[in-house]
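Structure first, commentary second.
Every chain is numbered from 1, with letters handed out A, B, ... down the list of sequences.
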2 protein chains.
Amino acid sequence: MFYILYMHQTNVKNVDLNLLKALDALLETESVSKAAVLVNLSQPAMSRALNRLQHALKDPLLVRSGRGMVLTPRAEALRAPVREALAQVSSVFTPKVFDPAKAQDHFRIMAPDYLAQTLLPPVLGQLVNLAPGVQIDIENLSASGVQQMCEGHISLGFGVVNDGPVLENVASQALFQDRQVCLMRKGHPLAAKTLSLEDYAGATHALLSITGKGGGRIDDILNEHGLKRTIALRVAHFMTISAVIAPTDLIITVPEMLAAQVMTEDLELVAPPKELGMPHFSVSQIWHQRFTKDPAHQWLRRMIKSACLVQS
Amino acid sequence: MFYILYMHQTNVKNVDLNLLKALDALLETESVSKAAVLVNLSQPAMSRALNRLQHALKDPLLVRSGRGMVLTPRAEALRAPVREALAQVSSVFTPKVFDPAKAQDHFRIMAPDYLAQTLLPPVLGQLVNLAPGVQIDIENLSASGVQQMCEGHISLGFGVVNDGPVLENVASQALFQDRQVCLMRKGHPLAAKTLSLEDYAGATHALLSITGKGGGRIDDILNEHGLKRTIALRVAHFMTISAVIAPTDLIITVPEMLAAQVMTEDLELVAPPKELGMPHFSVSQIWHQRFTKDPAHQWLRRMIKSACLVQS
DNA sequence: ATAAAACATGCATTGGATGAATGCAAAGGG
DNA sequence: CCCTTTGCATTCATCCAATGCATGTTTTAT
């Protein structure tokens, strides 16, 4: 099979394919000078193009007949194939307009589970209505998923660009702003007053971490104040937060939107100490560069961005 | 329709179609240097071809990913269309092999009526067996037919190239040799002895002529000998020869093959005077230049030539 | 840290396509 | 018959865009 393909390529290897344009014009007009006008060449240039075609095709194609020319049978037989070839070539160079209603694209989307289960469902409900043929797989953020993102195997991801692993060859677009907040059980001793840095450091912490890392920035700041916190528990899935925080004295620092998802009447939300200096951060959609100009991908990104504007 | 076609052409008007070859190689190898090898360019030249393709297609096509490249979705979608376009282009530049058994060609053949009714039927019987889909129209030689031959509307003709009207833009191939002979009624006074030039000139002549002209060469030679013949009758169709010669003293000078077709026991065949210096002449098949390289036409010509070799 | 792999870019070269001018042939008209 | 017009082919000079060599940059592997 590969060999056949190779032979196929060899066949036009030494052929100037731009001659196709001249050939089409010659077949249509049966005249050198008229064809020249049609493709914006001078008559002598078209005469020479005909000469080159005659050699390439080993056929006179157009034969002198008095003042004009007449097509050979080979030339006449070539009308349709040449036109079809040019149509094929033209379609290669003509960008296709993306039509969601007819699209059959398949997207793999990777998101932190709290976004996967909160932000995306309403967006996707809308997508399903507009683009019924489009298939979307949602996958939870994972360490191997981040690698696949960098290799271009994941269509779209969500996360904080400046936090977490360094992402290569990707582009991103901010969707909405978020901030870190502290969650603790209702009636926790620290819940009734403004949380100080010493109290924060002295508390026993749970950490939400997918990759087994994270939180280093908070610990750096505590270090700068000569403080150190104890991380007693690492949680990999946001749904377990309520179960481990509500019945204990553990506190956990998470994005506010995540906190909103796990909030129960057994939990209390407290602002973190101002000394931590934690600014708002952007949650972005992130994708590999190869998808930047893809019309389908662009459409999906626009949909998601719009949905975030509505919600925020 | 024409307007649509024109727009279609404009679409690739400014596109270097030779980029198609580079594009196919890039899509296949997903590598600039490998594609370069495949199409016999240097790596920098292929890199620049990719650059031009990126602009033509407004898509990165291949995106850096570490040491290598990865295809954009647009590029992946282009694999099949590019291959198909190149297949179409290749078929344009690949001569088709003529297969008689499958051919559906239509030939218009023009011949003097004595050849049409004598030489061609056995040939055509064979053609019908070998190429059942081929359609052949036989037309008698006519003045307007000669004009159509020169304009390329007649596929093939038969005649004597150096005799008769001047034919433009045609090619020819000798089929067999013939000579002129005299036909006269049985018992004609000139039939019993060797025909002298004076006797030939003194006889009353009939002339076989399709165009109303002809025989001028014989009259020129008689002139050189101070002689002149009387042409009492012009006959346009060879089938009438017997009817006008047998019951009269008219004589007629015709090709030997024609004489063989009209010969009856009421006629006598006599050699013309040697002083007329009439050599053998070639009967040829004649065709317009535009058909010279046509495979179907070449096949037909070969068949007819072969049949003539067998018969002579 | 160094070497290898792979693509991108700078620079000089050149071959082939091009148009203006001209030649040649056929047809049309006076 | 002669002149004009039409239409393609060829000569000649020009030029420009594609090309390869050399080099730069980046990423990966050892």
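A donor-acceptor pair shorter than 3.5 Å cannot be found between the side chains of A/S155 and A/W287. No side-chain donor from either of A/Q88 and B/Q88 sits under 3.5 Å from a side-chain acceptor of the other. A donor atom on one side chain and an acceptor atom on the other are found under 3.5 Å apart for B/H106 and B/D137.
Classification of B/E84 and B/R79 as a salt-bridged pair fails, no side-chain N sitting under 4.0 Å from a carboxylate O.
The separation between B/L41 atom CG and C/dG15 atom C1' is 15 Å, rounded to whole Å. Remark: C1' of D/dA18 and NZ of B/K21 are 13 Å apart, rounded to the nearest angstrom. Going from atom CG of B/L17 over to atom P of D/dA17 covers 17 Å, rounded to whole Å.
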* To do: Check the pair B/R229, B/D219 against salt bridge (charged side-chain N to carboxylate O under 4.0 Å, His left out), reporting the backbone distance first and the verdict last.
  => CA-CA 7 Å; B/R229 67 175 173 169; B/D219 293 299; 3.0 Å; yes
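Residues from residues 45-52 of chain B placing a heavy atom under 4.0 Å of any atom in DNA chain C, listed by number, are B/S47, B/R48. A heavy-atom distance below 4.0 Å to DNA chain C is reached by none of the residues of residues 53-62 of chain A.
Taking 4.5 Å as the limit, every side-chain heavy atom of B/E28 sits out of range of all side-chain heavy atoms of B/V82. Here the side chains of B/D220 and B/L222 are not in contact, with every heavy-atom distance at 4.5 Å or above. In this structure, the side chains of A/L26 and A/E30 stay at 4.5 Å or more apart for every pair of heavy atoms.
Residues A/N40 and A/R64 both approach DNA chain C. Their nearest nucleotides, taken by heavy-atom distance, put A/N40 toward the 5′ side.
Phosphate contact (OP1/OP2 of D/dC8, side-chain N/O of A/S31, threshold under 4.0 Å): present. The side chain of B/S33 places no N or O atom within less than 4.0 Å of a non-bridging phosphate oxygen (OP1 or OP2) of C/dA6.
Residues passing the side-chain hydrogen bond (donor to acceptor under 3.5 Å, both in side chains) test with B/D178, sequence neighbours excluded: none. Applying the ring-ring contact (aromatic ring centres under 6.0 Å, His included) criterion to B/F98, with sequence neighbours excluded, gives B/W299. Annotation: side-chain contact (heavy atoms from CB on, under 4.5 Å) contacts of A/A174 (sequence neighbours excluded): A/S282, A/S284.
Side-chain atoms of A/M69 lie closest to D/dC8 of the nucleotides D/dT10, D/dG20, D/dC8.
Across the helix from C/dA1-D/dT30 to C/dG30-D/dC1, the helix axis at one end is tilted relative to the axis at the other end by 20° (nearest 10 degrees, each axis from five pairs).
One donor-acceptor pair, N or O on each side, does fall under 3.5 Å between the base of C/dA8 and the side chain of B/Q43.
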